[in-house]
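Have a look at the structure below, then the notes.
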Amino acid sequence: MAKRILFLLNRAPYGSSYALEAIESILVAGVFDQEVSVLFTGAGLYQLLSEQDGGAIGGRTVGKMLGALPEYGVTELFACRPSAERLGLTDANLCLPVTWLDYAEQRRLIGRQDVVTG
Amino acid sequence: MAKRILFLLNRAPYGSSYALEAIESILVAGVFDQEVSVLFTGAGLYQLLSEQDGGAIGGRTVGKMLGALPEYGVTELFACRPSAERLGLTDANLCLPVTWLDYAEQRRLIGRQDVVTG
Amino acid sequence: MVISIAVHGAPYASAGSRTALRFAESALRLGHRIHRVFFYHDGVLAAAGQGVAPQDEEDLHAGWVRLGESHGVELAVCIANALKRGMLDEAERDRYEKDAATAHPAFTIVGLGQLIEAMTAADRFVTFAA
Amino acid sequence: MVISIAVHGAPYASAGSRTALRFAESALRLGHRIHRVFFYHDGVLAAAGQGVAPQDEEDLHAGWVRLGESHGVELAVCIANALKRGMLDEAERDRYEKDAATAHPAFTIVGLGQLIEAMTAADRFVTFAA
Amino acid sequence: MATLHLVNKPAAWEGCHPLLDAQDAVLLIEDGVYLAQQALSGATFYALEPDIRARGLSQRIHTNIRPASFDDFVGLVEGCQRVVTWSA
Amino acid sequence: MATLHLVNKPAAWEGCHPLLDAQDAVLLIEDGVYLAQQALSGATFYALEPDIRARGLSQRIHTNIRPASFDDFVGLVEGCQRVVTWSA
C-alpha cells in the first residue's frame, strides 16, 4: 500500500549537510514506489538556484542531485510562491521546473498526506 | 599579560548544550586571571531568566551556573537593553544583576577587547 | 497505535534526541507500539558507545539503549549518515578495516529503505528535528 | 602573525569546520603561524578516526589530520566536550574502561585552560561558529 | 484535529504560521516554548510543560496556550492525521 | 579596520548590524553570503568567494559587496584588531 509522503525542504543547501542528506532519502522513497512529493519553502528554495557548484567547497552540487529526482519517479515538485517573492526568485533563476503554490494550496497539499517529514 | 576577553552569549539556554558549554569556558577564563566580561544579547538573555529548572529535562540549570561567575572572578556582566525590550524582560525577571547597555555602549565594549568569542 | 520516530539532531547539540526519547517512553507506557526509531543526520550520534555522560546530566545514550534492550524497540541508524560520522558496528568496522566498532550493539545500522518502511508500516511518523 | 582558531561545529552538520580548515591552510601558506586549533562543542567530532567520508565529498577529517601532521599545527580537543560525545584518546579509553580510542592520534585531548591559553598566546583569535 | 504541527524554535514559527488550518493543533516544544509568551492564532496551541519549566517560563505563558505533558503529546499524535515538524 | 565581523548565516545579521562601527569590516561566509544579494550598510562588506560560487550566487551579489578569497580572509584578520563571530 503506497503512502502519500511529502518532504518539506526549508533549509539552504550548503550551510549544513541537511539538504543533501534529505535529498538522498527522497530518492530512496521514489525507488520504493511511494506517492512522493516535495515542497520547497523558505531558504529551501535556494536548493533550486541554477549555477550552483558544490565543487567550489569540496562537495556535491545539491541542484544537480535534485535533477535526478524525476529519474527516481519523483515528479511532484512544489515550491512556495510567497517565499520566492520574499527571496527575489523566479522560474528563470531555478535549475528545475516546479509548480508554484500559494499558502492555501500548500495547506491542501499537506492535508492530503499520510506522512510529512524533512 | 592579562587579555581583555569578551564572551558574547546570544543563544537560548536549553535548545542545545551551547550555552552550558560556553559558561564552562567562561568560568575557566576567570580562573586564569584574564580580564573577562560577558555580554548577553538576543535569545542569550533567556539564560538569565529566574526560576529555571534544568532538572525538568534531565540537565543542569543554566541560570544557577551563571550565578557562580562572580566566585570565579567574572563580575563584568552586561546585557543588551534593546534585546530585553524586544523580549519583554526587565531586571525583575532575571536571576543575576547585569549592567544594561545600549548599542553605542556595546560598540565601545567590543572596541576595548583583545578577544571576542562565544 | 503504531508509531515510527525519526531523530535528526545530535545529543547535546540538539534537544530533539531527548524529546524523542521521552515521547517514545510515554507512548510505550500508554500501550502504543514503536515500530522503529530511525536516526538520521547527526541523530546517528546517539549510538556512540564510547561516550561518558557528565555526572550531573542525564545519560541520553543509556536511555536509548534501555529503550532498545528492555522494550525491544528497534533502534535503526542510517548507514550513509553513520559511516561519514564515524559510527560503525562490527560489520562496518571489518569492511572498512577500522580499529573499532563505535556504535553500541543495541543500535542496528541499516539502509535508507528502512526509513521509508518505517513510514509505511506505522500509523504515525513523528520527526524530531535538530 | 600568530593565530589561534576555535571550531564550534561538527563536520557535515556545520560548514564551519571546512571554512576553518581552508582559512588555516591559507594562513600557513601566507607565512603566518597557527598556535593552536581548539575544537569545542560539536567541533570535537572532527577528531573521529573511524569516519568513512563519502567518495564524492572532501574528507574533512583527513584534511585536519594533514594540517596537524604535515604542518605541525596543534589540534586540541576539549576534554569535557569530547568525553560526552564519545571522542576518546587511548589515555581516556583506559581511564573510562571503554573498548576503543575514537579520536585520531593527530588530535590531543586537553583541558579548557588550553582554550584560554590559545587566546592569550596569539595575536588573533578566530572563532568558527556552528 | 487534521494536522499536528511541532515547532521546536521561535524561528520556525514563520514557516509554520501561514500553513495552519483552523482544525490543526500546534505543539510548541524545546525552544519553541518561548513563543508561548504571546497570544498565537490560527489553530489550537499547546506547549510542552517540562520545556516550559526548564526555561523558567511557567509564569509567562499566555492564557490561550495549554500546557501539555509527554502523555498529552502522545495523545495529540494519536488524535491527528499527520505530524508536521518545523525547524529553522 | 577596528573589528572584523564574521557572519555565517542570514539570521545572524540581526545581532551584528546594530553593533557595526563605520571603521569595521564584515565578512559574509557560508550561508551568510545569501545576505550579499542586497545592499548592506554600516561598514565595509566582503563575501567569501568559494561560498558564493557553491551557492550559484555569482550573478546576484550586490555591487557594494566585494568578493574575498581565503587569502583575503587572512589579510582581513591581520588588518583588524579583533574578530567577532556572529551566529544565530
Side-chain angles (χ1 to χ4, degrees), chain A residues 8-24 38 40-69 77 79-98 118, chain F residues 4-17 26-42 45-77 83-88:
Chain A
L8 203 156
L9 302 186
N10 66 356
R11 295 186 196 247
Y14 299 99
S16 77
S17 58
Y18 274 86
L20 196 144
E21 290 165 358
I23 295 166
E24 288 173 341
V38 183
F40 296 89
T41 180
L45 276 165
Y46 286 133
Q47 297 182 27
L48 293 162
L49 257 186
S50 52
E51 298 177 43
Q52 293 173 49
D53 174 18
I57 51 171
R60 281 183 279 176
T61 298
V62 166
K64 204 163 284 175
M65 289 180 66
L66 290 172
L69 286 172
L77 305 181
C80 173
R81 192 196 309 275
S83 295
E85 287 166 0
R86 219 166 21 245
L87 299 178
L89 298 175
T90 68
D91 284 305
N93 306 119
L94 306 189
C95 61
L96 271 183
V98 295
Chain F
L4 172 65
H5 300 262
L6 301 181
V7 175
N8 85 338
K9 42 180 71 74
W13 177 239
E14 194 193 337
C16 171
H17 183 229
V26 176
L27 175 61
L28 307 171
I29 65 173
E30 302 162 10
D31 282 349
V33 301
Y34 288 115
L35 289 161
Q37 296 175 92
Q38 57 199 292
L40 299 170
S41 64
F45 290 89
Y46 301 84
L48 198 58
E49 212 272 333
D51 286 329
I52 292 171
R53 267 194 296 141
R55 290 162 180 77
L57 294 174
S58 299
Q59 305 304 314
R60 298 176 63 85
I61 300 302
H62 194 275
T63 49
N64 88 343
I65 293 157
R66 312 175 197 181
S69 65
F70 273 100
D71 284 4
D72 296 331
F73 186 172
V74 175
L76 288 167
V77 168
V83 182
V84 178
T85 297
W86 296 94
S87 194

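Computed from a predicted model, the values in this text were never measured in an experiment.
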Closest approach of Ala54(F) and Ala56(A), non-hydrogen atoms and distance? N-CB, 3.9 Å
Heavy-atom count around Glu14(F) CD within 6.0 Å, excluding the residue itself: above 12? no
Chain F contacts: which residues in residues 8-16 of chain A have a non-hydrogen atom closer than 4.5 Å to it? Ala12(A), Pro13(A), Tyr14(A), Gly15(A)
Positions in residues 59-72 of chain F that reach chain A, provided some heavy atom is under 4.5 Å away: Gln59(F), Arg60(F)
Which answer fits Gln37(F), side chain, backbone, both or neither, if we ask what part of it has an atom under 4.5 Å from a heavy atom of chain A? side chain
What distance separates Glu49(F) CD from Ile57(A) CD1, expressed to the nearest 0.5 Å? 12.0 Å
